[in-house]
Participant: 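Here's a structure for you.
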Amino acid sequence: MGREREVPKKSEKEVVSYTVEQLVAVNPYNPDILPELENYVNEQVSSQVYSLDANLCLLRLYQFEPERMSTQIVARILVKALMAIPAPDFSLCLFLIPERVQMEEQFKTLIVLSHYLETGRFRQFWDEAAKSRHIVEAVPGFEQAIQAYAIHLLSLTYQKVPRSVLAEAINIEGLSLDKFLEQQVANCGWILEKGHGRGQLVVLPSNEFNHPELKKNTAGSIPLEHVARIFPILG
């Protein structure tokens, strides 16, 4: 649920309580709600919730009130949008951010990170993210969200994946990876096989993308939220 705000309506005595979502729906171009939307961005970060509509509304208000723009808030919006991948949220938000702001170093970094994710270049992504921890670690759950996306992408592409490839994609190695794989085998139907000269192989669950013959019998794909369930253990 969104934060509540008291907004006068018709008379000073008649006061109605609105959630942030209702404020956005009722009067999205009212600059008076800008502080509330900024507070809600911080609440999304601290509570690990997300509202694309509220964030887009705030970015639009910044276009009309550029002198009131908080680059810290904008950066947090972009990180939350990046966490929503494969949804196109990052591009939708970036479109509303002035080019002069995008040229700031922190935003250039986030644009590069987005490009690496969109092209499946996970090693480069994690290397770049490690250099910019002050940006991404300001938003709890960032690492887990990207790891979930990486597994989602691998699951759509491969029937079997070398352990080394999985480790690179999710940025987990050694004993931590052993523990993670044990959980996957126990709870998510993964199978571990000994590879031919390539070390351990991870057999991923069948779906219509990594086993096309299943497509005619499958109505939908693998929901990303199902993959995301596996990550509480990483916390």
Side-chain angles (χ1 to χ4, degrees), residues 2 20 24 37-63 69-157 166-172 221-232 234-235:
V20 169
V24 171
L37 292 176
E38 290 180 327
N39 290 337
Y40 189 46
V41 171
N42 292 326
E43 182 178 311
Q44 290 175 58
V45 171
S46 61
S47 302
Q48 297 193 46
V49 296
Y50 181 57
S51 174
L52 175 63
D53 289 341
N55 294 344
L56 290 176
C57 180
L58 176 56
L59 292 176
R60 292 190 195 98
L61 288 175
Y62 280 154
Q63 288 185 317
M69 176 181 289
S70 165
T71 55
Q72 180 186 61
I73 292 293
V74 173
R76 291 185 171 189
I77 287 175
L78 286 179
V79 173
K80 293 291 288 187
L82 200 59
M83 292 166 61
I85 194 170
D89 298 17
F90 187 87
S91 295
L92 293 174
C93 292
L94 194 64
F95 181 76
L96 296 174
I97 299 172
E99 185 175 353
R100 61 174 178 78
V101 178
Q102 295 183 31
M103 294 305 295
E104 293 185 18
E105 197 62 36
Q106 61 179 334
F107 299 115
K108 288 164 66 176
T109 296
L110 289 171
I111 291 170
V112 168
L113 290 175
S114 174
H115 175 69
Y116 285 150
L117 287 181
E118 290 173 355
T119 54
R121 297 160 66 183
F122 292 110
R123 181 69 276 148
Q124 292 92 328
F125 171 85
W126 292 115
D127 287 345
E128 186 65 30
K131 301 174 187 175
S132 309
R133 292 189 181 277
H134 62 289
I135 301 175
V136 298
E137 290 186 351
V139 180
F142 176 80
E143 184 175 11
Q144 289 84 354
I146 303 306
Q147 289 168 332
Y149 168 67
I151 290 181
H152 173 71
L153 194 61
L154 291 175
S155 298
L156 300 182
T157 309
L166 175 66
E168 181 176 282
I170 63 176
N171 200 37
I172 303 177
S221 60
I222 303 175
L224 182 56
E225 58 267 22
H226 288 185
V227 180
R229 292 177 187 171
I230 64 181
F231 283 98
L234 297 178

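Numbering of residues begins at 1 and proceeds along the displayed sequence. Just so you know, these numbers come straight off a predicted model, no measurement behind them.
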Participant: Taking C-beta and beyond as the side chain, do N55 and Y50 meet within less than 4.5 Å on heavy atoms?
Facilitator: yes
Participant: About how many Å separate CG of L59 and CG of L52, when rounded to the nearest 0.5 Å?
Facilitator: 9.0 Å
Participant: Do the non-hydrogen side-chain atoms of V24 and L37 ever get within less than 4.5 Å of each other?
Facilitator: yes
Participant: Taking NZ, NE, NH1 and NH2 as the nitrogens, is one of them in D127 or R123 under 4.0 Å from a carboxylate oxygen of the other?
Facilitator: yes
Participant: Examine distances only and state if a side-chain atom of K80 and a backbone atom of V49 form a donor-acceptor pair shorter than 3.5 Å.
Facilitator: yes
Participant: State, yes or no, whether a side-chain contact exists between S114 and E118 at a heavy-atom distance under 4.5 Å.
Facilitator: yes
Participant: Under a 4.5 Å cut-off applied to non-hydrogen side-chain atoms, are L113 and L110 in contact?
Facilitator: yes
Participant: Out of curiosity, I135 CD1 to T109 OG1, how far, rounded to the nearest 0.5 Å?
Facilitator: 4.5 Å
Participant: Is the backbone N or O of E43 less than 3.5 Å from a side-chain atom of S46, with the two atoms forming a donor-acceptor pair by type?
Facilitator: yes
Participant: The test is side chain to side chain contact (heavy atoms under 4.5 Å, CB included); show your working for V20 and S51 and say whether it passes.
Facilitator: CA-CA 10 Å; V20 169; S51 174; over 6 Å; no
Participant: With a 3.5 Å distance limit and no angle check, can you tell me whether T119 reaches the backbone of Y116 through a side-chain donor-acceptor pair?
Facilitator: yes
Participant: For the atom pair OH (Y149) and CD1 (I170), what is the distance rounded to the nearest 0.5 Å?
Facilitator: 15.0 Å
Participant: Tell me, with the steps shown, if L82 and V139 meet side chain to side chain contact (heavy atoms under 4.5 Å, CB included).
Facilitator: CA-CA 11 Å; L82 200 59; V139 180; over 6 Å; no
Participant: Rounded to the nearest 0.5 Å, how far apart are OG of S91 and CD1 of I111?
Facilitator: 9.5 Å
Participant: Can you find a pair of side-chain heavy atoms, one from Q44 and one from Y40, that are under 4.5 Å apart?
Facilitator: yes
Participant: The test is side chain to side chain contact (heavy atoms under 4.5 Å, CB included); show your working for F122 and N171 and say whether it passes.
Facilitator: CA-CA 8 Å; F122 292 110; N171 200 37; over 6 Å; no
Participant: Please report the interatomic distance CG(L117) to CE(M83), rounded to the nearest 0.5 Å.
Facilitator: 12.0 Å
Participant: Side chains of L78 and F107, heavy atoms from C-beta outward: is any pair under 4.5 Å?
Facilitator: yes
Participant: Does the side chain of I97 reach to within under 4.5 Å of the side chain of I77, using non-hydrogen atoms?
Facilitator: no
Participant: If you measure only the distance, is there a donor-acceptor pair under 3.5 Å linking the side chains of E38 and Y62?
Facilitator: yes
Participant: At what distance, to the nearest 0.5 angstrom, does CD of Q147 lie from CZ of F142?
Facilitator: 10.0 Å
Participant: May I ask you to test the Q102-K108 pair for a side-chain heavy-atom distance under 4.5 Å?
Facilitator: no
